[in-house]
Every structure is written in structure tokens, then in C-alpha cells.
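Throughout, protein chains are lettered first and strands after them, A, B, ... in sequence-line order, and every chain is numbered starting at 1. Worth knowing before you read on, the calculation uses all heavy atoms, side chains too, and leaves out hydrogens, waters and symmetry mates.
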Number of protein chains: 2
Amino acid sequence: MNGIDPKLTAGPASLQRSGGGPLWRQLVEDLRRRLDSDAFSDGFPGEMALVDEYGLSRQTVRHALKVLRDEGRVVASRGRPPRQAAPAELAQRLGTLYSLHESVRSLGLDQRSVVHTLDVRADGVYAHRLGLEESTPLVYLERLRFAGDEPLAIDQVWLPHDLAAPLLEADFSTTALYERYSTLCGVTVTGGAERIQAVIPTPHERRLLKAEADTAALVIRRLGTAKGRSVEFRRTLVRGDRFELHSDFAGQDGYHLDLLRSPHPKQCR
Amino acid sequence: MNGIDPKLTAGPASLQRSGGGPLWRQLVEDLRRRLDSDAFSDGFPGEMALVDEYGLSRQTVRHALKVLRDEGRVVASRGRPPRQAAPAELAQRLGTLYSLHESVRSLGLDQRSVVHTLDVRADGVYAHRLGLEESTPLVYLERLRFAGDEPLAIDQVWLPHDLAAPLLEADFSTTALYERYSTLCGVTVTGGAERIQAVIPTPHERRLLKAEADTAALVIRRLGTAKGRSVEFRRTLVRGDRFELHSDFAGQDGYHLDLLRSPHPKQCR
DNA sequence: ACTAATTTGTTCGTATGTATG
DNA sequence: ACATACATACGAACAAATTAG
């Protein structure tokens with residue numbers, strides 16, 4: 001019937017009434033595909049528009065939209081005439097690193113950063129981690145992040161130069177990389193993965209962090225993606241004596257990185 | 001009308017058609033209460049049974065059941081004559097510590113443990129963490145856990161003696177605390193919280209773990225709850241050179257503790 | 001092994017009340 | 001006031017899977 005590959009069109013795909021799984025799930029996947037391919041840049045369709053477009057009931061459309069809202073990809077509020085797409089809905093709960101930022105902010109502390117390096121370079125290792133050729137130029141940003149007066153983390157970020165070139169002129173002393181990546185380059189990190197390890201900082205790192213000799217640290221490595229492409233590799237070294245992860249698993253909250261309440265627990269049985 | 005306090009009965013409470021919030025939420029709370037008070041031990045009622053029992057529509061009942069399914073307290077599938085309750089659905093995705101167990105098992109490694117201590121003691125600090133009087137007797141279990149030949153973690157557990165007394169006769173060399181806590185004591189851990197920190201092991205701990213001098217470690221402290229009561233405090237010290245946390249945040253997978261692929265990454269920029 | 005009954009999963013239609021722009 | 005959208009709730013129908021006989 002439809003000769004065009006639905007994966008390559010911005011319009012709606014035809015849904016299978018049977019055998020293709022629940023209709024609402026098919027709708028979710030199709031809308032995700034269209035969101036990723038930058039359809040809806042002129043406004044997300046309303047519920048009734050989707051009902052007409054796909055030939056589904058309102059309840060089914062609503063079920064699909066609820067999934068997208070829960071994912072944070074669509075925002076909605078009562079009475080808004082069209083629906084509002086949220087592909088530029090700045091970093092919501094993007095894993096642990098974002099919760100670090102929120103944790104520090106919620107304590108009323110400054111989010112200062114000192115930029116150590118901001119340049120363009122070729123680095124085969126990190127280009128490879130971003131899924132790029134080894135000679136691909138990368139924007140490299142290295143900062144020392146503070147919470148109030150004390151240094152808390154060393155942050156190293158590698159970004160593809162073809163996307164991140166405008167950032168070379170930006171000021172990162174207030175730690176708003178994602179905001180600038182989005183507004184200056186049109187790249188909004190919406191997914192990815194993090195790996196967290198316990199390590200002992202090198203003497204150099206320890207000096208930068210002003211940490212005691214017997215202090216461990218958390219290394220967080222993040223690969224951030226946008227629209228299916230890897231757009232960020234980040235390595236953050238967080239002082240282990242000031243931060244910890246915690247999680248409730250009665251609900252399904254996931255993990256958050258928070259400031260410790262006690263100043264220096266060290267072993268702290 | 002109903003002279004008996006509904007909080008103390010195993011039967012259904014009467015729901016308020018207005019003023020008591022959404023009917024489905026009242027249903028959820030009432031079913032949670034009944035699950036906690038060990039009703040349904042002879043089988044969870046089906047959808048239609050609940051429709052009759054509470055006088056609601058099937059959709060409203062299903063809405064409530066969906067919440068309970070998402071919580072993991074109820075499982076369901078098509079065609080199964082009654083519904084199946086899952087209050088004894090042994091440790092499903094109980095946070096990071098369980099994923100450690102799964103990670104080691106999925107690599108085909110033995111889960112041996114060497115029990116260092118298993119006794120009854122009073123410890124004000126840990127009794128307090130369990131929400132008990134400081135003089136309350138606790139069952140204390142300390143094990144060294146292995147994955148294959150190498151030691152991976154030191155595990156210390158404190159349990160209320162009035163619940164865990166039968167465990168004093170059990171064998172914990174195969175690391176199945178939760179299974180035995182459930183079958184021998186009728187206590188099934190269903191919720192709780194974890195805190196994770198990076199630390200440097202003490203020399204004693206380092207010797208037990210056979211770790212190098214420049215190895216950091218993760219401390220995981222877990223407070224486990226069952227039916228609203230704290231039933232477990234656990235401190236697990238995991239070798240930082242063998243384990244790491246990782247997480248995808250495109251979906252909402254949460255964090256998992258996994259064995260590292262590389263044998264000794266140490267700093268591993 | 002087959003059929004029929006049961007039960008859940010999914011979707012539709014419909015309706016009321018509420019909140020927002 | 002009005003349109004739009006959300007939340008809730010009910011009823012009905014069919015599909016899919018399981019169990020009972």
C-alpha cells in the first residue's frame with residue numbers, strides 16, 4: 001500500500017491492527033521516530049489531530065502520549081490549544097551527573113567552574129568512543145567544578161567538532177554546558193549511558209581537588225546521545241569524601257548523586 | 001455503617017465515591033494494605049472478583065491493578081484463572097546489591113562465601129539504624145564473598161533477632177540470605193534504600209579482599225524493609241578494581257553493578 | 001488432543017468533572 | 001464565557017492465552 005519506507009518519512013506510518021503488538025505501543029514508536037527525525041518542529045499535533053491522522057481512538061492516543069510524557073519527550077498542560085513538543089526540554093533527569101548539579105544547586109551553593117582547557121584537538125581514543133574516525137577533530141573542555149568554595153569534581157568533555165564548534169567562544173564558568181550545547185549548536189542530549197567506578201585519584205588530581213591523601217573518588221564516564229548519535233563523552237572525577245550515590249528501591253527512583261551530610265566520614269563504618 | 005476499623009481487617013474497606021480521592025487510588029491503597037496484612041495468601045482475587053467485591057467497573061479495577069503491577073507487587077498474564085499475587089516473589093530488582101549477585105552468576109562463576117561471624121549481639125549504632133532500641137539483640141553475619149577464586153566483597157549484615165533468630169542455624173556459604181530470610185523467617189525484603197560511596201579500604205579490609213595497595217572500593221549501605229518495617233541493615237565493601245556501576249538513561253534502566261571487563265583498569269582514563 | 005470456559009489484554013465508545021489559556 | 005485538554009469512570013466488545021473438562 002505505502003511504497004515509501006516509513007522509517008525515512010516524516011509523516012505517520014501505517015499501524016498494523018493485528019500482529020504488530022498493541023496499537024498504543026506502535027504509536028509510541030512511530031511518534032518517537034518522527035520526533036527523532038525532527039518532524040513536529042512547527043508544533044506537536046494535538047490529541048484529536050493524532051486521532052484523525054492515525055485513525056485511532058482518543059484513549060489509545062492518550063495512552064501513547066502518556067508514555068511519551070513520562071519519558072519527558074513531550075510536555076502538555078491543560079487548555080493549550082496545540083500540543084507542545086519538548087525536544088529542547090533541557091536536561092531533565094539525565095542520570096547521575098545532572099543530579100549532582102541539582103544537588104549542589106539545591107543547597108544554595110555556587111556552581112562556579114574554572115576552565116583549564118578549551119580547544120580543538122584530535123584524540124583517537126575519545127573519537128573512537130564517540131563512534132568517530134580517530135582523526136576527527138574534537139572540542140575538548142576541561143574544568144574544575146566547585147560547590148561554594150571547595151573543589152568537588154574535575155570534568156573533562158569531548159565533543160565532535162562539527163557539532164560543537166560554536167562552543168569555543170562560550171563561557172563555561174557557570175557550568176551550563178548542556179544549555180549552551182542546545183542553544184548554540186542545536187544539540188540536546190536526550191539519552192546515553194554512564195559507568196561509575198571507585199578509584200584513587202592521581203597526585204595531580206588530588207592536588208586539584210584539594211583532597212586528603214586517603215580519599216577515594218568516583219569516576220563517572222558518560223556517553224551522551226542525541227537523535228541516535230553520540231554527541232558527548234565526559235569523564236567526571238568526583239571527590240568521594242563529599243559525594244555519595246543513593247537510591248530508594250521501594251519506588252523506582254533510580255540513583256542520585258548527593259552531597260554528604262557529614263563533612264568527612266572517611267571510613268565511616 | 002462499618003463499625004470495625006478497616007485498617008485492622010483483612011477484608012475490603014468501603015470506598016468513598018467522593019471526597020476520598022480517585023476511586024482507583026483508594027483501591028490501590030486498600031489492596032496494598034491487604035497485601036501487607038497477608039490477606040490473599042490463598043490467591044489474589046481476579047479482576048472480576050474485585051469488581052464484585054468493591055462494586056467498581058472493570059476499568060477502574062484494572063487501573064488500580066496496573067499500579068500494583070508496576071510496583072512489582074502483583075504479576076499477571078492472560079488466561080490465568082485467578083490473579084497471582086507476588087508478595088513472595090523473591091528479590092526481583094532489589095537495587096544494586098541484587099544486580100551484583102546476578103552479574104556474578106551470569107558469568108558462570110561460583111557464588112561461594114566464607115562466613116567469618118554469625119552470632120547474636122547488641123549494637124546501639126546498628127539497632128538505631130534499624131529503628132530499634134539500642135539494646136535490642138541483633139543477628140550479625142559477616143561474610144567474605146567470592147566470585148570464582150577471587151574475593152570480591154566483604155558483607156556485613158545486621159538483622160533484628162526477633163525476626164531472624166532461625167537464621168542462626170543456617171548455612172550461608174552459598175550467599176542466599178534473602179531466600180533463607182524469606183523461607184525460614186517469613187520475611188521478604190521488598191523495599192529499602194541504598195547509599196554508595198567511594199572509599200579506601202582499611203589495611204585489614206584490603207588483606208581480606210587481596211586487593212592491591214592503590215585500590216579504591218565501593219561501600220554500599222542498604223536498609224531493607226518489609227511491610228513497612230526495617231528488617232535488614234547491610235554494609236557491603238566491593239573491590240573497586242573489579243566492579244563498576246553502569247546505567248542507560250535513554251530508557252529508565254536504573255543502575256546495575258557489574259564486573260568490569262578489563263582485569264585491572266586502575267586509573268583508566 | 002480437543003473443546004469450552006475463564007481471565008486478562010486491548011480497544012472502542014461514552015460520559016462527567018476540572019483546570020487552563 | 002469558551003475551547004481545549006486532562007482526569008476519572010463506566011460499559012461493551014473482541015483477541016489472546018490459560019486452564020478445566
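- By the side-chain hydrogen bond (donor to acceptor under 3.5 Å, both in side chains) test, A:Asp162 is found to be paired with A:Arg229, residues two or more places apart in sequence or in another chain being considered.
- Residues that satisfy the side-chain hydrogen bond (donor to acceptor under 3.5 Å, both in side chains) test with B:Thr60, not counting sequence neighbours, are B:Ser57.
- Although no hydrogens or angles enter the test, the distance criterion places a donor-acceptor pair under 3.5 Å between the side chain of B:Tyr181 and the main chain of B:Val231.
- One finds a salt bridge joining B:Arg34 and B:Glu53 here, because a Lys/Arg side-chain nitrogen approaches an Asp/Glu carboxylate oxygen to under 4.0 Å.
- To the nearest angstrom, P of C:dT11 lies 11 Å from CZ of B:Arg62.
- Nucleotide C:dG9 holds its C1' atom 12 Å from the CZ atom of A:Arg25, rounded to whole Å.
- Under the 4.5 Å side-chain criterion, counting only non-hydrogen atoms from C-beta, B:Leu23 is not in contact with B:Tyr54.
- In this structure, B:Leu141 CG and B:Phe172 CZ are separated by 5.5 Å, a value rounded to the nearest 0.5 Å.
- One atom, CG of A:Leu65, and another, P of C:dT11, lie 13 Å apart when rounded to the nearest Å.
- Across the protein-nucleic acid pair, B:Lys66 atom NZ and C:dT8 atom P stand 16 Å apart, rounded to whole Å.
- Across all strands shown, nothing is found opposite D:dA1 as a Watson-Crick or G-U wobble partner with both distances under 3.5 Å.
- The distance from atom CE of B:Met48 to atom C1' of C:dG9 is 14 Å, rounded to the nearest whole Å.
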Check nucleotides 10-12 of chain D for protein N or O atoms closer than 3.5 Å to its own N or O atoms and list the pairs.
from: D:dC10; atom 1: OP1; to: B:Arg17; atom 2: NH2; distance (Å): 2.8
from: D:dC10; atom 1: OP2; to: B:Ser57; atom 2: N; distance (Å): 3.3
from: D:dC10; atom 1: OP2; to: B:Ser57; atom 2: OG; distance (Å): 3.1
from: D:dC10; atom 1: OP2; to: B:Thr60; atom 2: OG1; distance (Å): 2.4
from: D:dA12; atom 1: N6; to: B:Gln59; atom 2: NE2; distance (Å): 3.2

